[in-house]
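The structure under discussion appears below in the form of structure tokens.
In what follows, chains carry the letters A, B, and so on, assigned in the order in which the sequence lines appear, proteins first and then strands, with residues in each chain numbered from 1.
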Protein chains: 2
Amino acid sequence: MGDKISRGLLRSRERTFKALSDGTRLEIIEYLKDGERCVCEIIPHIGKAQSTTSKNLGILFRAGILDKREDGKKTFYRIKNPEIFRLMKDADSLNLKDLASVSETVDALRRAIEG
Amino acid sequence: MGDKISRGLLRSRERTFKALSDGTRLEIIEYLKDGERCVCEIIPHIGKAQSTTSKNLGILFRAGILDKREDGKKTFYRIKNPEIFRLMKDADSLNLKDLASVSETVDALRRAIEG
DNA sequence: TAGACATATTCCAATATCTAGATATATAAC
DNA sequence: GTTATATATCTAGATATTGGAATATGTCTA
């Protein structure tokens with residue numbers, strides 16, 4: 001209990017969460033859920049400029065979230081570690097519990113009014 | 001496979017990760033690991049201005065990560081849902097796997113050089 | 001070899017957001 | 001009135017996001 005957490009661990013958490021705190025990058029991750037895709041597919045799917053998409057891919061790559069493979073003139077990105085999806089699921093379940101408690105509150109209010 | 005993720009889910013993930021993408025806020029979360037603390041304890045522990053700390057507490061509260069309870073003239077904050085620590089663990093294990101692969105690489109290089 | 005293509009990278013500009021501190025005010029409890 | 005806290009305003013600096021344009025690299029192809 002109460003163990004001091006290392007600065008380094010905090011900093012790497014921050015880096016990870018920062019990489020994930022952008023909608024465009026979250027969409028890229030979702031798009032790669034089913035397997036690797038070449039940049040030429042990712043760009044039109046995301047619908048942003050080439051430089052923008054390339055920069056975001058670089059951010060995810062440097063954060064250790066994506067991996068890449070070059071084949072001829074194409075580059076394919078993929079999820080480096082599927083554990084990232086557990087992170088997503090955990091985030092979702094946190095958010096869903098929030099929604100659930102809101103809906104419980106709404107239900108309670110409804111009962112109070114109608115009942 | 002390939003199910004379209006809802007915009008709403010993406011947006012709430014983004015909100016969650018954004019709230020977690022700041023070192024000060026990560027420290028607050030760590031500080032609350034062992035139970036609730038009043039703002040009067042959190043401020044000196046974090047070592048930032050009162051307004052700054054209060055703002056960060058508000059961000060975590062509005063993101064659904066912290067809960068609060070008022071007692072007299074004091075306010076106590078606590079972790080709303082301990083699942084948040086699973087998120088932290090997941091982030092750590094992603095990062096540690098990265099470190100592991102770096103250290104494997106270093107080891108391989110060392111073997112190659114030293115024979 | 002010349003040229004087309006895929007991608008990364010860099011530079012630039014515009015805009016937006018974040019972070020923090022300082023200060024002041026509002027509220028409620030003591 | 002003092003204390004604890006939240007909130008708002010203002011400032012200032014830092015960082016992020018995007019697009020555009022240009023450039024560099026490397027690969028494939030005619």
Atom CD of A:Glu70 and atom C1' of D:dA24 are separated, to the nearest Å, by 14 Å

Residue pairs passing the ring-ring contact (aromatic ring centres under 6.0 Å, His included) test with at least one member in residues 44-78 of chain A, sequence neighbours excluded, are A:Tyr31-A:His45

B:Ser54 vs D:dA6: side-chain N/O to OP1/OP2 distance below 4.0 Å: yes

In whole angstroms, the gap separating C1' of C:dA16 from CD of B:Glu14 amounts to 13 Å

* Asked: When you measure from the centre of the six-membered ring of B:Phe85, is the NZ or CZ of B:Lys33 under 6.0 Å away and within 45° of the axis?
  -> yes

Residues 38-51 of chain B vs salt bridge (Lys or Arg N to Asp or Glu O under 4.0 Å), sequence neighbours excluded, gives B:Arg37-B:Glu41

Whole-Å distance, A:Leu57 CG to D:dT18 P, equals 12 Å

Tell me whether the side-chain N/O atoms of A:Tyr77 come closer than 4.0 Å to OP1 or OP2 in C:dA8.
yes

Rounded to whole Å, the CZ-P distance (A:Phe17 to D:dA16) equals 17 Å

Rounded to whole Å, the CD1-P distance (A:Ile43 to D:dT18) equals 14 Å

By nearest-nucleotide position on DNA chain C, the 5'-leaning member of A:Lys74 and A:Gly58 is A:Lys74

With sequence neighbours left out, the residues meeting side chain to side chain contact (heavy atoms under 4.5 Å, CB included) with B:Lys89 are none

With sugar-phosphate taken as primed atoms, P, OP1 and OP2 and all else as base, the protein-contact string of nucleotides 19-30 of chain C at under 4.0 Å (heavy atoms; B, S, -) is SBBBB-----SS

Between CZ of B:Arg69 and P of D:dA4 the distance, given in whole Å, is 16 Å

Atom CZ of A:Arg37 and atom P of C:dT7 are separated, to the nearest Å, by 14 Å

By side chain to side chain contact (heavy atoms under 4.5 Å, CB included), B:Asn81 pairs with (sequence neighbours left out) A:Leu94, A:Lys97, B:Glu83

Residue set satisfying side chain to side chain contact (heavy atoms under 4.5 Å, CB included) with B:Ile43, at least two apart, ordered chain then number -> B:Val39, B:Gln50, B:Thr53

